[in-house]
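Report on the following structure.
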Amino acid sequence: MKTPRSALAAFCFFFGILSLLSCDILRDTPFAVVSWSPGREYVPMGENGTLAIALTFSADAEHGSVEKEFTITEDGTEFRGSFVWADSRTVRFAPYAPLRENREYRLTLGSEAASSSGVSMDDAFEKRFFTREAGERPRVLSVSPSDGAIVADRQTPISLVFSTQVEASSCRDYVSISPAITGSWSVDQSGTTASFVGAEVWETGKEYLIEVSADMIDQKRIRLGDAYRFRFQVGSDRTAPVLLGAYALDSGGTQTATLT
């Protein structure tokens, strides 16, 4: 006896619903970081450079994968330490060396970190914090030559005026000139005006691009945050030549006719 098509369709429909419900029931709770310390971007230093650095997870963690995927850097350099598990869901990072003032720390936990049941994170967890009081980010206030300028002097220096005090070393590390030219950076007594003097002359007819990286830091080690760039060209002008007149000359160089 054949099963009616309507009964077969109903059976397939209810079986599909049951399968979906079963998958939802068996699916593990997503594994994620639910809280972290210090928990805010700007933090004061404790005594002797102590500062709580910890992660708390949504489920019991697989310790090995968490420790493998965890990194923390100080101004871009990896900062080493050991791990202390308060319980199955909370791990504390104990640095080998004290944290320092006026530094930027980046905390990263890769997406391969997993729970004890083998469920990995959906995305990497990334946070940063600073061991200083909140302050205004440095900005580029003005530049010389100005953006789009044409300079005739092939020894023209480059100057950048910042809103906060900077170091010459920071300019060397985070300001690029393209095409590249050798030279030296210096900062005036105010600490806010940086100048570059080339050891060679600018090339006539070339356009130069100056880029200030968003990672540039001032004397308080505060990042610029936003990149800045400007261009200038070396030469008397950029006006395209225009034909004003044309003349016919004989073999001796004497003008014989005017062409229009």
Side-chain angles (χ1 to χ4, degrees), residues 33 35-57 61 63-86 90-113 121 123-140 160 162-178 180 182 184-187 191-192 194 196 210-229:
V33 177
S35 66
W36 71 288
S37 296
R40 51 201 172 103
E41 193 169 63
Y42 297 99
V43 294
M45 291 292 297
E47 294 183 3
N48 302 319
T50 58
L51 186 67
I53 302 173
L55 298 175
T56 299
F57 299 96
H63 296 187
S65 67
V66 169
E67 294 177 10
K68 181 180 178 181
E69 293 293 309
F70 180 98
T71 58
I72 187 168
T73 60
E74 179 188 76
D75 289 343
T77 302
E78 186 172 355
F79 205 67
R80 298 186 178 279
S82 59
F83 299 92
V84 179
W85 288 87
T90 300
V91 61
R92 180 178 177 272
F93 177 77
Y96 292 144
L99 275 66
R100 297 183 292 176
E101 290 185 330
N102 297 324
R103 295 294 189 272
E104 177 184 293
Y105 293 90
R106 290 177 181 266
L107 186 160
T108 304
L109 185 69
S111 60
E112 294 302 312
M121 297 174 57
D123 300 293
F125 178 83
E126 297 182 2
K127 295 292 181 181
R128 67 176 182 172
F129 59 91
F130 304 87
T131 52
R132 53 173 162 73
E133 294 298 324
E136 179 187 3
R137 287 192 182 278
R139 295 177 292 113
V140 178
L160 298 94
F162 293 89
S163 60
T164 59
Q165 294 180 324
V166 298
E167 301 280 0
S169 58
S170 188
C171 294
R172 289 194 295 269
D173 293 338
Y174 296 105
V175 181
S176 64
I177 302 172
S178 180
T182 58
S184 60
W185 284 96
S186 62
V187 176
T192 59
F196 174 85
I210 293 81
E211 295 185 282
V212 185
S213 169
D215 289 325
M216 182 173 176
I217 54 177
D218 65 6
Q219 287 187 5
K220 293 183 178 180
R221 308 192 71 82
I222 302 176
R223 293 174 64 251
L224 197 68
D226 295 311
Y228 186 94
R229 58 180 58 87

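The shown structure was predicted, so the numbers you read here are calculated from the model rather than taken from an experiment. Just the heavy atoms: all of them, side chains too, but no hydrogens, waters or symmetry mates, feed the values below.
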When rounded to the nearest 0.5 angstrom, what is the spacing between OG1 in Thr182 and CZ in Phe196?
6.5 Å

Does any non-hydrogen side-chain atom of Arg128 lie less than 4.5 Å from one of Arg223?
yes

Give a yes or no on whether the backbone of Arg103 and the side-chain of Thr131 come within a donor-acceptor separation of less than 3.5 Å.
yes

Judged by atom type as modelled, is there a donor-acceptor pair below 3.5 Å linking the side chain of Arg106 to the main-chain atoms of Gly76?
no

For Glu167, salt bridge (charged side-chain N to carboxylate O under 4.0 Å, His left out) partners two or more places apart
none

Considering non-hydrogen atoms only, spot the tightest contact between Trp185 and Cys171 and give its length.
CD2-CB, 3.6 Å

Does Gln165 reach the side chain of Pro138, with side-chain heavy atoms less than 4.5 Å apart?
no

Inter-residue atom distance Phe93.CZ - Ser37.OG, 0.5 Å rounding
14.0 Å

Do Val212 and Leu160 come close enough that some side-chain heavy atom pair is under 4.5 Å?
yes

Can you tell me how far CZ of Phe130 sits from NZ of Lys220, rounded to the nearest 0.5 angstrom?
14.0 Å

Closest heavy-atom pair, Ala214 versus Ala227, reported as atoms and distance to 0.1 Å, is CB-N, 3.6 Å

Quick one: are Phe57 and Val66 in side-chain contact, heavy atoms under 4.5 Å?
yes

Testing the basics here: between Phe129 and Arg40, what is the closest heavy-atom pair and its distance to 0.1 Å?
CB-O, 3.4 Å

Sorted by chain and residue number, the ring-ring contact (aromatic ring centres under 6.0 Å, His included) partners of Phe162 (sequence neighbours excluded) come out as none

Quick one: CD on Glu104 to OG1 on Thr73, what's the gap to the nearest 0.5 Å?
7.5 Å

Restricting to side chain to side chain donor-acceptor pair (under 3.5 Å), what partner residues turn up for Arg172, sequence neighbours left out?
none

List the atom of Arg137, the atom of Ile222, and the distance in Å for their closest heavy-atom pair.
CA-CG2, 3.9 Å

To the nearest 0.5 Å, what is the distance between CZ on Phe79 and CD on Glu74?
5.0 Å

Are any non-hydrogen side-chain atoms of Ser111 and Asp123 less than 4.5 angstrom apart?
no

From Ser65 OG over to Met121 CE, what is the distance, rounded to the nearest 0.5 angstrom?
10.0 Å

Leu99 versus Pro95, closest heavy-atom pair with distance:
CD1-CG, 3.5 Å

Which pair of non-hydrogen atoms, one from Ala168 and one from Ser186, has the smallest distance, and what is that distance?
CB-CA, 4.2 Å

Side-chain contact, heavy-atom cut-off 4.5 Å: Val91 with Phe70?
no

Under a 3.5 Å distance rule, please check whether Ser170 uses its side chain to pair with a backbone N or O of Ile217 as donor and acceptor.
yes

Phe125 side chain near Leu107 side chain, heavy-atom distance below 4.5 Å:
yes

Please examine the side chains of Lys127 and Val33, heavy atoms only from C-beta on, and report whether any two atoms are closer than 4.5 Å.
no

